[in-house]
Every structure is written in structure tokens, then in C-alpha cells.
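Heads up: the structure comes next, in C-alpha cells.
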Number of protein chains: 2
Amino acid sequence: MEKEVTIYDIAKILEISPATVSRALNDHPAINSKTKVLISAKAMEMGYRSNTFASNLRRRSTNTLGVIVPRLNSHFMSAVLAGMEQEANESGYNLLISQSLESAKKEISNAKTMFNSRVDGLMASVAYDTETFEHFENFIKKGVPVLFFDRIIDHPKCSGVAIDNVLAGYEVTSHLISQGCRRIMHVTGNLKRNVYSGRLKGFQNAVLEHGLKLDDDLVVVTDLSQEAGKFVAQRISEMEFQPDGIFISNDLCAVTCMKALKEKGYLIPDDIAVVGFNNDPVSQVIEPNLTTVYYPGQQMGEVAVRSLINHLKGTQPIDVSETIILRSELIIRGSSTKMAVSY
Amino acid sequence: MEKEVTIYDIAKILEISPATVSRALNDHPAINSKTKVLISAKAMEMGYRSNTFASNLRRRSTNTLGVIVPRLNSHFMSAVLAGMEQEANESGYNLLISQSLESAKKEISNAKTMFNSRVDGLMASVAYDTETFEHFENFIKKGVPVLFFDRIIDHPKCSGVAIDNVLAGYEVTSHLISQGCRRIMHVTGNLKRNVYSGRLKGFQNAVLEHGLKLDDDLVVVTDLSQEAGKFVAQRISEMEFQPDGIFISNDLCAVTCMKALKEKGYLIPDDIAVVGFNNDPVSQVIEPNLTTVYYPGQQMGEVAVRSLINHLKGTQPIDVSETIILRSELIIRGSSTKMAVSY
DNA sequence: ATTTGCATTGCAACCGATTGCATTAAATTT
DNA sequence: AAATTTAATGCAATCGGTTGCAATGCAAAT
């Protein structure tokens with residue numbers, strides 16, 4: 001273990017005060033530019049590196065943003081994280097990432113860790129079964145901005161970045177109806193989460209608006225896992241009045257369901273049209289290709305970080321929360337395009 | 001912004017010294033157990049939270065592990081990260097994650113950030129075009145352990161976690177040969193990276209061992225992107241002596257290639273058998289399902305963290321580097337199973 | 001020549017927890 | 001009862017930057 005070079009070492013060698021060294025290295029305006037050059041050259045030469053802790057301790061900020069996501073290993077989330085990382089990195093912030101594994105308990109524990117690590121800001125996409133808000137309240141009390149993304153919680157003091165899930169759900173459903181579907185099933189996740197309740201809402205709006213009937217049997221709440229996809233296919237095959245269209249709130253689940261339906265002999269889209277959500281790579285591999293909703297994960301991550309940093313820098317007042325709605329896009333592919341549409 | 005509670009506040013109220021408070025909270029053996037109870041109760045009551053920076057500054061350690069990956073948004077990487085996060089979390093460590101986007105330059109800059117953040121240990125999977133080792137050298141000089149995973153660099157002072165790529169490449173190729181393939185193409189990535197050079201080596205070994213001919217035309221170095229998949233399909237269709245099997249070192253690329261080949265009228269596996277690598281979800285969606293090599297991302301992440309922490313805790317001496325080889329598994333599916341094998 | 005103003009730099013007190021060493025009180029031994 | 005351990009706590013220095021305020025020097029203004 002080598003000894004670290006400190007600003008005191010530099011100061012001693014150059015016979016100036018540590019304060020000047022500190023200011024010079026931080027490009028403080030009161031320092032003569034020649035002195036700055038001299039100091040930074042020496043610092044470089046001596047292999048100096050700033051001690052973040054000493055700095056953080058004194059400045060009371062960490063230059064670190066916390067992120068809590070349900071799962072790291074989903075196509076969408078990794079896109080979000082990639083965007084966050086890129087944007088944070090460009091602004092000189094670090095990212096502290098943890099996953100709740102869809103458990104409220106772990107989310108609370110993660111939040112506590114982030115809190116103790118004194119992150120400057122927190123970004124979270126909440127777990128399936130999160131009910132309370134208490135673990136975020138601490139941050140707000142201390143003036144640490146909290147921003148939700150994708151799975152957001154509506155709170156007057158928290159910003160949010162999401163898509164218009166109601167609209168997306170509405171568009172998907174309208175599309176299915178325009179393709180001739182009259183009995184559409186909707187497979188969704190925990191309705192506590194805005195993403196799922198919103199899409200359901202959009203689904204219901206579209207169904208009603210087109211004069212179709214809402215049928216409780218046609219709304220299936222699952223965990224949207226691949227197993228759930230198989231389960232849904234099985235359930236459909238056992239139904240008396242089978243649906244002619246399905247809207248599944250997750251591509252991986254939708255694809256598994258399609259595979260199972262195909263195995264049971266259903267023709268897609270003729271017997272049953274299918275639409276997913278997320279534009280996961282698998283949607284372009286399944287035959288026929290899966291109609292889905294694209295929404296920009298990478299961009300969502302970038303926007304979230306940018307918004308949070310604006311708050312931190314005071315560009316945006318901290319007590320003004322904003323909700324940013326990103327555009328989503330229905331991508332129509334073979335799984336929902338009935339060739340002969342008869343009205 | 002509320003005022004933070006410090007050990008001094010607790011000390012003042014209880015009329016004891018801050019030193020005792022500090023020791024009590026850290027469960028120091030020299031402190032009376034009744035005093036401990038008293039102090040921690042008071043700390044809890046006052047909403048005390050330890051200031052990590054003050055502590056880090058004094059203790060000269062951060063409880064943080066750095067991770068540098070080529071890309072966050074790949075199925076494999078997110079599995080690795082999920083594993084790392086879980087294991088680190090359980091051991092009380094935080095994760096600082098950044099991506100190089102396959103650029104050596106960004107990797108170097110990321111390494112510098114990690115270095116300045118004084119991570120206790122570093123885990124890295126190197127970028128496509130990384131040539132130098134210098135940016136890791138700094139860590140080693142300071143006694144910070146560096147561990148490579150998946151895309152590893154062989155260095156006497158660094159540990160590594162990976163699979164046996166030579167063996168995996170050998171198994172894939174032998175399998176294709178056993179299915180009757182006699183002219184096998186291998187599509188791979190930058191050969192500077194062990195994962196690709198290893199698999200190529202295994203490929204070559206298998207080809208030679210079975211008395212087949214090595215043909216330079218049949219080894220294609222690409223970036224393994226989806227575009228590369230299309231490109232390969234095009235190239236095959238233009239070849240005079242076309243291959244009857246392809247081994248592509250990445251599932252997403254392989255799947256795109258398969259799709260393109262199917263569009264061109266090739267029958268898979270009968271005209272051309274295809275094998276990928278990684279067991280990405282798409283491999284089970286493409287028709288026919290893609291034969292591939294599974295290797296445990298989540299587990300790789302867990303093992304990496306555990307190994308690093310063992311080094312840190314001194315369980316494992318820091319100057320003893322180890323290379324852990326995880327088992328990979330060939331998963332045979334339809335894309336490479338020629339029904340009638342004729343010898 | 002004296003005053004005023006500005007540009008630089010230094011002093012010294014923080015930030016909050018940790019820890020070697022000293023101290024005190026209580027328990028044990030002789 | 002005196003001497004010696006042992007247990008428990010306190011003192012004060014330390015980790016390395018940061019920053020309000022004071023001090024210095026020199027040029028411009030009066």
C-alpha cells in the first residue's frame with residue numbers, strides 16, 4: 001500500500017498553503033492562472049488524486065445518485081440503466097444501483113442503504129407489492145430529491161418520468177378492435193402499479209368506446225412471467241367463449257403465450273390476435289412477429305438523470321415536482337394483422 | 001434541510017464521550033453491554049445515521065466495489081449484475097457500475113473515476129478494443145484487488161471468473177460435426193478477447209480432430225451485432241462453397257442470421273445447422289429453436305463478488321490470484337438437429 | 001504622498017467518525 | 001488492607017479537503 005499524495009504534500013513542496021492548492025485544483029476564480037497551472041502540473045506529476053471522502057465530508061454532498069429497480073435483468077431496465085449511466089457519467093455523477101427483486105421489503109432495505117450512503121438524489125421504479133411510501137419520505141424530509149420512473153408513485157414532492165400508459169393501452173386495444181377483434185382479453189400485472197392500472201384503464205376506455213362489452217373474465221392479473229404466459233394459453237383453451245384478441249402487458253410473457261397457443265393449434269393472428277408491450281428483442285423473432293408498444297428505455301434513463309441533476313443544481317427548484325411523459329409508439333406487426341378484415 | 005444527528009449530539013445528551021458512542025455503535029468489546037443498549041436506543045430515538053464519509057475518511061475504505069462492463073443492456077450482463085448486486089448487498093457492500101460501451105477510451109476514463117472513488121475492489125469485463133492494461137495497473141499498485149470476469153485479461157496479479165471457452169467452442173463444433181456438418185463456418189468477435197479467441201481455438205481443435213479442413217474463409221470476425229447477422233447471411237448466399245453449419249458466438253446475432261437465411265430460402269437445420277452462444281431468451285423463440293451454450297451469468301456475478309470480498313477480508317491473500325472456471329452447457333435444440341444423419 | 005481598490009494568498013476552523021493511549025473505577029489477589 | 005488486574009470510559013489527535021474571513025501586495029486614483 002503506497003502513501004497517498006495529499007494537497008498538503010503539494011503545498012509543502014511548492015511552499016504555498018493547502019488552501020491555495022485546493023482552490024487551484026477546483027479552478028477557483030480567485031487564484032492566479034499561472035499558479036493554477038503550476039499547481040496542477042505538480043499535482044499531476046506527483047500522482048495526486050483527490051480524496052472524495054474528505055471532500056464529501058466537508059461539502060456534504062456525494063455526487064452519487066441512487067437507483068432502485070425491480071430487476072436488473074430485463075431488457076427494458078438495462079436500457080434505462082444504460083441511459084442513466086451515460087447521462088450521469090457525462091455530468092460527473094456516479095450511480096449506486098440496487099434491485100428490489102419485486103419485494104417491498106428489499107426495496108425498503110435498499111432505500112435505507114441509499115439513505116445512509118447519502119446519495120444526492122434517488123431514482124426508483126417501485127416493486128410489485130410496494131404499498132407504503134415511508135421509506136421515500138426520509139429522503140424528502142432531508143431535502144434529497146426523489147424521482148420515480150416507469151412504475152411511478154404519485155406524490156406532490158416527487159418528480160416522475162413515464163409514458164402515457166392509458167393512451168398506450170387505448171391505442172393497443174383500438175388497434176385490435178380495428179382488426180376485427182370483438183372479444184379481447186387483457187393480461188396484466190399488479191394493478192397497484194400505475195403502468196398496469198393505466199393500461200387497463202386505456203383498454204377499458206377503448207372497449208367501451210367501441211360499444212363492446214367489458215367482461216371480468218377477460219382481465220387476467222398475473223405476474224407477467226413466462227409461466228404466466230403458458231398459464232394464460234391453457235386458460236384460454238379451456239374457456240367457453242374464447243377471445244379473438246389478447247393484449248399482454250409484457251413481450252416475454254406474450255411470446256411464451258403465443259408459443260403455447262400455437263402448440264395448441266391456434267392460428268395467430270387469425271384465431272387470436274396478440275399484442276405485447278416493451279418491444280423486447282423476442283418480439284421480432286417470434287413467428288408471426290409480435291405487435292407491441294415501443295417505449296424508450298434509454299431515453300427514459302437519460303431524462304430521469306437530467307431532471308434530477310437539474311433539481312440538484314437548483315436550475316429547477318427542488319420543491320417543484322414535474323412529471324415528464326415520454327412518447328410511446330405502437331409497432332404493428334404480423335401477430336395482430338388480420339389479412340381480411342370484415343366489418 | 002434538517003440538521004443531521006452526530007455521535008457528538010448523542011454523547012452530549014447522554015453525558016458521555018463521543019468515543020464511547022462510536023465504540024458502542026460499532027459493538028466494540030470494551031464497552032459495557034448496558035451502555036451499548038442505552039446508546040443504541042438513544043441513537044435510534046434521535047434518528048442517527050452514521051456518516052459514511054467521515055467513517056471512510058478515517059478508516060480508509062469505502063465498502064464499495066466498482067464494476068466496469070462493456071454494455072449494461074445485454075441479457076447476459078444484466079444477469080451478471082443481478083448476481084453481483086445480490087451477493088454484494090448481502091455482504092454489506094455497494095456497487096458502483098459503469099459501462100465502457102465497448103470503447104477502450106471510455107473504459108480508461110471509467111477506471112479513473114473508480115480509482116478516485118476509491119473503490120475497495122474492481123471487477124471488469126473489458127471492452128472490444130482494449131489493448132493496454134495501464135488503467136488497471138494503478139489499482140494493483142495501491143493494493144486494490146482487480147478481478148476480471150467473462151472477458152478476462154490474463155495477469156498474474158488479477159483473479160478471473162470465466163468459462164472454458166475452448167471447451168465450449170470444441171463442444172459446439174463437435175456437435176455440429178456429429179450432426180453431419182462437414183463445412184462449418186464460425187462467426188466470432190474481436191479475437192483480442194479471450195472469449196472469442198478461446199472459442200475459435202476450440203472450433204479449430206474440433207475441426208482438425210475430426211479430420212476436416214480449416215478454411216480461412218469460414219472464420220468471420222464481426223462485431224456480433226444484429227447487422228452482422230444479416231451480413232453473414234448475405235455473404236453465405238454469395239459463397240461458392242457454402243457451409244452446412246454455422247457456429248455464431250452470440251445468440252442475438254445468430255437469430256438475426258437465421259431469420260435472414262430463412263428468408264433466402266435456406267432450410268434450417270437441413271441446409272445449414274446453426275448454433276449460437278449465451279442462451280438468450282430469443283434462442284427459445286426462433287423457429288426452429290436455437291442450439292446454444294448456456295453459461296451462468298447470475299452465478300458468475302455472485303462468484304466474482306464473493307471472491308473479491310474474500311480477498312478484501314484477507315480470507316484469501318491479496319497477492320494470490322485465482323482463476324475460477326464455471327461450467328458451461330451445450331443446449332441442443334432444433335436448429336442443429338438434422339433428423340437423418342448419414343455417414 | 002496618501003488613500004482606495006482589487007487581485008491573491010494564507011489562517012484556522014470546520015466536516016464526523018475512529019483509535020492509540022491514558023485514566024479511573026471496580027474486582028481480584030496476596 | 002494493600003497491591004495488582006481487569007473493565008470501562010475519556011482525551012485528543014487524525015483522516016484530507018473546504019471555506020469564511022483576514023492579510024498582504026501592488027496598481028490606480030486622489
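Worth saying up front: this structure is predicted, and the values here are computed from it rather than measured.
Among the protein residues, B:T52 comes within range of no part of the nucleic acid, since none of its heavy atoms lies under 4.0 Å from any strand. If you check every strand for non-hydrogen atoms under 4.0 Å, A:I16 touches sugar and phosphate atoms only. B:R23 comes within contact range of at least one nucleobase, with a heavy-atom separation under 4.0 Å. Nucleic acid contact for B:N56: none, since no nucleic acid atom lies under 4.0 Å from a heavy atom of the residue. Using a 4.0 Å heavy-atom criterion, one finds that A:Y8 contacts the bases of the nucleic acid, with or without backbone contacts as well.
At whole-Å resolution of the value, CG in B:N32 and P in D:dT6 are 18 Å apart. Distance CD (A:E4) to P (D:dC15): 13 Å, rounded to an integer number of Å. Put simply, CG on A:N63 is 14 Å from C1' on D:dG17, counting in whole angstrom units. Across the protein-nucleic acid pair, A:L14 atom CG and C:dT8 atom P stand 18 Å apart, rounded to whole Å. Note: CZ (A:F53) to C1' (C:dA17) measures 14 Å, nearest angstrom. The CD1-P distance, from B:I39 to D:dT9, rounds to 8 Å in whole Å. Look at NE2 on B:H28: it is 8 Å from P on C:dT19, rounded to the nearest Å. If you measure from atom NZ of B:K34 to atom C1' of D:dT9, you get 15 Å, rounded to the nearest angstrom.
The shortest distance between the side-chain N/O atoms of B:S22 and the OP1/OP2 oxygens of C:dA17 is not below 4.0 Å. The phosphate of C:dT9 (OP1 or OP2) has a side-chain N or O of A:T35 nearer than 4.0 angstrom. Between B:N26 and the phosphate of C:dT18, there is a side-chain N or O to OP1/OP2 separation shorter than 4.0 Å.
Between A:R118 and A:K142 the shortest side-chain heavy-atom distance does not fall below 4.5 Å. Taking 4.5 Å as the limit, some side-chain heavy atom of A:T130 sits within range of a side-chain heavy atom of A:H135. Counting only heavy atoms from C-beta outward, the side chains of A:S125 and A:P70 approach each other to under 4.5 Å.
Using cut-offs of 30° and 60° for the angle between ring planes, the B:F133 and B:F148 rings count as tilted. Using the six-membered ring where Trp is involved, A:F53 and B:F53 have ring planes that are parallel, under 30° apart on the 30 and 60° scheme.
Between B:R60 and B:A30, the one whose closest nucleotide on DNA chain D sits nearer the 5' end is B:A30. Checking B:N51 against B:T20, the closest nucleotide of DNA chain C that is more toward the 5' end is the one next to B:N51. Of the residues near DNA chain C, A:I31 and B:I7, the one whose nearest nucleotide (by heavy atom distance) lies more toward the 5' end is A:I31.
Of all nucleotides listed (C:dA17, D:dT19, D:dG17), C:dA17 comes nearest to the side chain of B:S55.
Residues B:D120 and B:T62 have side chains that bring a donor and an acceptor to within less than 3.5 angstrom of each other.
Not a single donor-acceptor contact under 3.5 angstrom links the side-chain atoms of B:R59 to the base of C:dT18. For A:R58 against C:dC14, a side-chain N or O and a base N or O form a donor-acceptor pair under 3.5 Å. No N or O donor and acceptor, one from the side chain of B:R49 and one from the base of C:dG16, sit under 3.5 Å apart.
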